[in-house]
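Here's the structure we're looking at; comments come further down.
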Amino acid sequence: MMIQVLKSKLHCVTVTEANLNYIGSITIDEDLMDAAHMIAGERVQIVDNNNGERFETYIIKGERGSGCICLNGAAARKVQVGDLCIIISYALMDFEEAKTFVPTVIFPDSITNKLVDKK
């Protein structure tokens, strides 16, 4: 049996832009994508902690080191710049594999969206 499980999560990133006139998607700083093991074109769920919105879109690479979290197209109407969001990706895997799979969860600085060194 195959099941869908949490693969990776960017927890509490801040929306830096909302671009209604773009075709669609979410633009994410490439550093954040790498840390969370996310790739361009990947389907993600966005959860807005400020207003409770939950929706899906796909990823576009943002400028590395920019802290960019930009909702594009129709998704721009679901958020406000400054909102805290959780970006979630899922993976389909075998039930037995899922029992031991460990998802990647990243907690960037919620003001700058930069990776925090937790030494």
Side-chain angles (χ1 to χ4, degrees):
M1 170 181 17
M2 302 293 281
I3 64 170
Q4 197 171 42
V5 298
L6 173 69
K7 178 185 77 77
S8 51
K9 174 168 77 164
L10 289 168
H11 190 79
C12 288
V13 291
T14 300
V15 175
T16 59
E17 299 174 60
N19 184 351
L20 183 61
N21 295 315
Y22 194 83
I23 295 170
S25 69
I26 182 170
T27 305
I28 302 174
D29 176 328
E30 195 171 0
D31 283 343
L32 295 174
M33 290 174 58
D34 289 349
H37 302 124
M38 293 176 175
I39 61 170
E42 184 171 359
R43 178 180 172 185
V44 289
Q45 181 180 39
I46 313 300
V47 179
D48 188 313
N49 288 352
N50 293 79
N51 64 22
E53 286 282 357
R54 298 174 82 88
F55 54 94
E56 294 179 346
T57 190
Y58 63 93
I59 299 172
I60 292 178
K61 282 184 192 177
E63 181 182 345
R64 189 175 291 284
S66 67
C68 176
I69 301 292
C70 179
L71 279 301
N72 300 302
R77 292 203 182 272
K78 303 233 177 230
V79 300
Q80 296 290 318
V81 171
D83 283 359
L84 285 178
C85 289
I86 301 169
I87 303 170
I88 306 164
S89 69
Y90 300 93
L92 191 62
M93 63 183 66
D94 177 77
F95 182 76
E96 291 303 318
E97 179 186 7
K99 289 180 178 180
T100 58
F101 179 77
V102 178
T104 302
V105 180
I106 303 299
F107 298 89
D109 180 282
S110 62
I111 297 171
T112 65
N113 293 335
K114 303 290 176 130
L115 296 172
V116 178
D117 187 14
K118 295 194 175 197
K119 288 184 179 179

* Asked: Could you state the interatomic distance from CD (Q45) to SG (C85), rounded to the nearest 0.5 Å?
  -> 11.5 Å

* Asked: Excluding sequence neighbours, so at least two apart, what forms side chain to side chain donor-acceptor pair (under 3.5 Å) with T57?
  -> none

* Structure fact -> Heavy atoms of T16 and C68 approach each other most closely as OG1-CA, 3.6 Å

* If we only count heavy atoms from C-beta on, is the F55 to V79 side-chain gap below 4.5 Å? -> yes

* **Considering all heavy atoms, the nearest C12-N49 contact** => SG-ND2, 3.5 Å

* To do: Following the transitive rule for hydrophobic clusters with a side-chain heavy-atom cut-off under 4.5 Å over Ile, Leu, Val, Met, Phe, Trp and Tyr, establish whether V47 and L6 coincide in one cluster.
  => yes

* Hey, is CD1 on I111 packed in by over 12 heavy atoms from elsewhere, all under 6.0 Å? -> no

* **Flag side-chain contact, heavy atom, 4.5 Å: Y22 against I60** => yes

* To do: May I ask you to decide if G65's main-chain N or O and D29's side chain share a donor-acceptor pair within less than 3.5 Å?
  => yes

* Structure fact -> Minimal heavy-atom distance between L115 and A35, with the atoms involved, is CD2-CB, 3.8 Å

* **Those residues that, when tested against D94, pass side-chain contact (heavy atoms from CB on, under 4.5 Å) (two or more places apart)** => M2, E96, E97

* Hey, could you give me each pair passing salt bridge (Lys or Arg N to Asp or Glu O under 4.0 Å) that has a residue in residues 64-82? Not counting sequence neighbours. => E30-R64, D31-R64, D34-R64, E53-K78

* Asked: What closest approach, in Å, do L32 and P108 show between heavy atoms, and which atom pair accounts for it?
  -> CD2-CB, 3.9 Å

* Which atoms form the tightest heavy-atom contact between A98 and M93, and what is the distance? -> CA-SD, 3.6 Å

* To do: Indicate, with yes or no, if V44 and I88 share a hydrophobic cluster defined by side-chain heavy-atom contacts under 4.5 Å among Ile, Leu, Val, Met, Phe, Trp and Tyr.
  => no

* Asked: With a 4.5 Å heavy-atom cut-off, do V5 and P103 have their side chains touching?
  -> no

* To do: Could you tell me the separation between the NZ atom of K61 and the CE atom of M38, rounded to the nearest 0.5 Å?
  => 14.5 Å

* **Pairs meeting criterion salt bridge (Lys or Arg N to Asp or Glu O under 4.0 Å) with involvement of residues 79-90, two or more places apart** => none

* Pair listing, salt bridge (Lys or Arg N to Asp or Glu O under 4.0 Å) test, anchored in residues 12-28, at least two apart -> none

* Does any non-hydrogen side-chain atom of T14 lie less than 4.5 Å from one of I69? -> no

* Pairs where residues 42-51 contributes a residue and the test salt bridge (Lys or Arg N to Asp or Glu O under 4.0 Å) is met, not counting sequence neighbours -> K7-E42, R43-E56

* Asked: More than 12 non-hydrogen atoms from neighbouring residues, nucleotides or ligands closer than 6.0 Å to CD on E63, yes or no?
  -> no

* **Minimum-distance pair of heavy atoms, taken over all atoms of V15 and L71** => CG2-CD2, 4.1 Å

* To do: Working to the nearest 0.5 Å, report the span between NE2 of H37 and OG of S8.
  => 8.0 Å

* **Expected output: side-chain N19 to main-chain N72 donor-acceptor under 3.5 Å** => no

* **Student check: side-chain heavy atoms of I59 and I39 closer than 4.5 Å** => no

